[in-house]
Number of protein chains: 2
Amino acid sequence: MVNRITQIMATSTVENYLKAALLYEQEHQGIVPMGSLVEALGVVPGTVTTMVKAMATQGLLEHEVRQGVRLTPVGRALALGVLRKHRLVETFLVQTLEMDWSEVHVEAEALEHAVSNRVLERIDAYLGHPTVDPHGDPIPNAEGSIADEATQATMQDCTIKKPLRVTRILDQSADFLDYVQDHGLKPGAKIEVLKRVEASGVLQCALADGEEIVLGLPAAAKIVVGISA
Amino acid sequence: MVNRITQIMATSTVENYLKAALLYEQEHQGIVPMGSLVEALGVVPGTVTTMVKAMATQGLLEHEVRQGVRLTPVGRALALGVLRKHRLVETFLVQTLEMDWSEVHVEAEALEHAVSNRVLERIDAYLGHPTVDPHGDPIPNAEGSIADEATQATMQDCTIKKPLRVTRILDQSADFLDYVQDHGLKPGAKIEVLKRVEASGVLQCALADGEEIVLGLPAAAKIVVGISA
DNA sequence: TTTTATATTTTGATTTGTCAAAATACAAGA
DNA sequence: TCTTGTATTTTGACAAATCAAAATATAAAA
């Protein structure tokens, strides 16, 4: 029963490696290749090898030489904590400080390492314990469990000519978010996919106000939709 | 006219050295001795010498060998920016997130290095452009000018038997702040100094509710008062 | 003036996170 | 099987920030 308070303190670099591994694990399955960390962190491959070995000796992840890494339970818990901070901070910046939807990601990237749990829980309470952030991404709770994402249909593979609602945007780049905002496709928006032409790689959809827009299938795959409740 | 956007990016360590130098300058006058930085930053003397020399070559301060440092205009501007962040964040944590008055200093210490100017200006607007933080310390404005602190009387040297109001607390330690809070001496509180005995080093004062409290002169010197408006 | 105490600087090492570039392993194609 | 291409690892170097401990100024006391 000793040592229960032990809060492992990771540097922000370590937190970023953990978060990148977690996000990769959530989108793919099995081991996280070194290359994905190289790309996510914007460093050269040798740097990742060095960091990963250090983090493995700290018990944050397992390093399968020449293959990649796997988060340990400790590493995953830490990563979920960082993700929770990131998403709660983003929500806060948009909802409370009314910041632009497309600029908060960068800000949250910095703040997620500086916000203490004490401050975070105040923010969480202030926001009324939200379960998703402004992009529709689920927010892990304080215990690190995350609402499972079920089977998510995107505009690219959903049923056609049914009333739908945008629930999540899978691309955090400012460019894409600006596009989404400008065309009224933010989470919550009511839409209906009218036609999808695989050959031309294009899709046609209608907004609540009747306006029709056309977008490419790769873009459509980044917009998650659900039944319009 | 080129180079106007140039926002010098200092590490948080550098920001801390600058802030410490600024705070010392505000309380004393002339050069900032190396020893004051040693104490403020909690490092060994040799570390300060090394850092100071590096910062001098960056043009952030002037190093008078064997004597101390003086902020350059660039260094001072940077330091004022950090102080502005610190105090606005503190105000925000107390007023918006309703955090405990005595715990926000530590939090702000971390957040001041992670909050961007973009976020800061939102916070400033959200709070209605406050001019003092919860301790009564003045908040530098975005241009770096700071409301001058005039001649500040403290409970130790103010007039006796006049209605006064607490305007500022000069000690940020959690212990002292807790004491101040518990005894209703927060900025804004109406008080009156009844008696001061230099010999015994003790002072007696009355609160608005009639309660009388006794405190030592060193403590009294940390509580700034003004005429009760 | 000489001594002593204190503040500051120097020197050499250490940790963390990084890069460049060479070396190596491995899967896939010829 | 041999060769090639790509991913990963190794090696040596570096900047930032730090410490320990020895060296050196300088101000104050004797």
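In what follows, chains carry the letters A, B, and so on, assigned in the order in which the sequence lines appear, proteins first and then strands, with residues in each chain numbered from 1.
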Spacing between A:Gln67 atom CD and D:dT9 atom C1', to the nearest angstrom: 14 Å
Residue-phosphate contact under 4.0 Å: A:Thr50 side-chain N/O, C:dT18 OP1/OP2: no
Short side-chain N/O contact to C:dT8 OP1/OP2 from B:His63, under 4.0 Å: no
Between P of D:dT8 and CD of A:Glu39, the distance in whole Å: 12 Å
Donor-acceptor contact present, side-chain B:Arg122 to main-chain A:Glu98, <3.5 Å: yes
Between D:dA17 (P) and B:Glu15 (CD): distance, integer Å: 11 Å
Phosphate contact (D:dT10 OP1 or OP2) by A:Lys53 side-chain N/O below 4.0 Å: yes
Nearest listed nucleotide, side chain of B:Met34, among C:dG17, C:dA20, C:dT9: C:dT9
Short side-chain N/O contact to C:dC19 OP1/OP2 from A:Thr47, under 4.0 Å: yes
Gap between atoms CE and C1', on A:Met55 and C:dT15 respectively (whole Å): 17 Å
Selection from C:dT8, D:dA17, C:dG17 that lies nearest to any side-chain heavy atom of B:Thr13: D:dA17
Among D:dT8, D:dA17, D:dC19, the nucleotide that comes nearest once only the side chain of B:Thr11 is considered: D:dA17
Donor/acceptor link under 3.5 angstrom from A:Arg66 side chain onto base of D:dT9: no
5' precedence on DNA chain C between B:Val65 and A:Gly42 (nearest-nucleotide basis): B:Val65
Between C1' of C:dG17 and CG of A:Leu60, the distance in whole Å: 16 Å
Whole-Å distance separating the CD1 atom of B:Ile31 from the P atom of D:dT26: 13 Å
Sugar-phosphate only, base, or nothing, as touched by A:Gly35 at under 4.0 Å among non-hydrogen atoms: sugar-phosphate
Rounded distance (Å) that lies between atom C1' of C:dA7 and atom CD of B:Glu64: 16 Å
From CZ (A:Arg76) to CG (A:Leu61), nearest 0.5 Å: 10.5 Å
Minimal non-hydrogen separation, A:Cys158 against A:Val225, with atom names: CB-CG2, 3.8 Å
Side-chain (A:Arg196) to main-chain (A:Gln156) donor-acceptor, under 3.5 angstrom: yes
Euclidean distance, atom CD of residue B:Gln58 to atom C1' of D:dA16 [Å, nearest integer]: 11 Å
Contact under 4.0 Å: A:Tyr17 side-chain N or O vs C:dT16 OP1/OP2: no
Atom pair OG1 (A:Thr131) and CZ (A:Arg87), whose distance is rounded to the nearest 0.5 Å: 11.5 Å
Nearest-neighbour nucleotide for the B:Val44 side chain, C:dT18, D:dT18, D:dC19 considered: D:dC19
A:Gln58, CD: over 12 other non-hydrogen atoms inside 6.0 angstrom: yes
Phosphate contact (D:dT8 OP1 or OP2) by A:Thr49 side-chain N/O below 4.0 Å: no
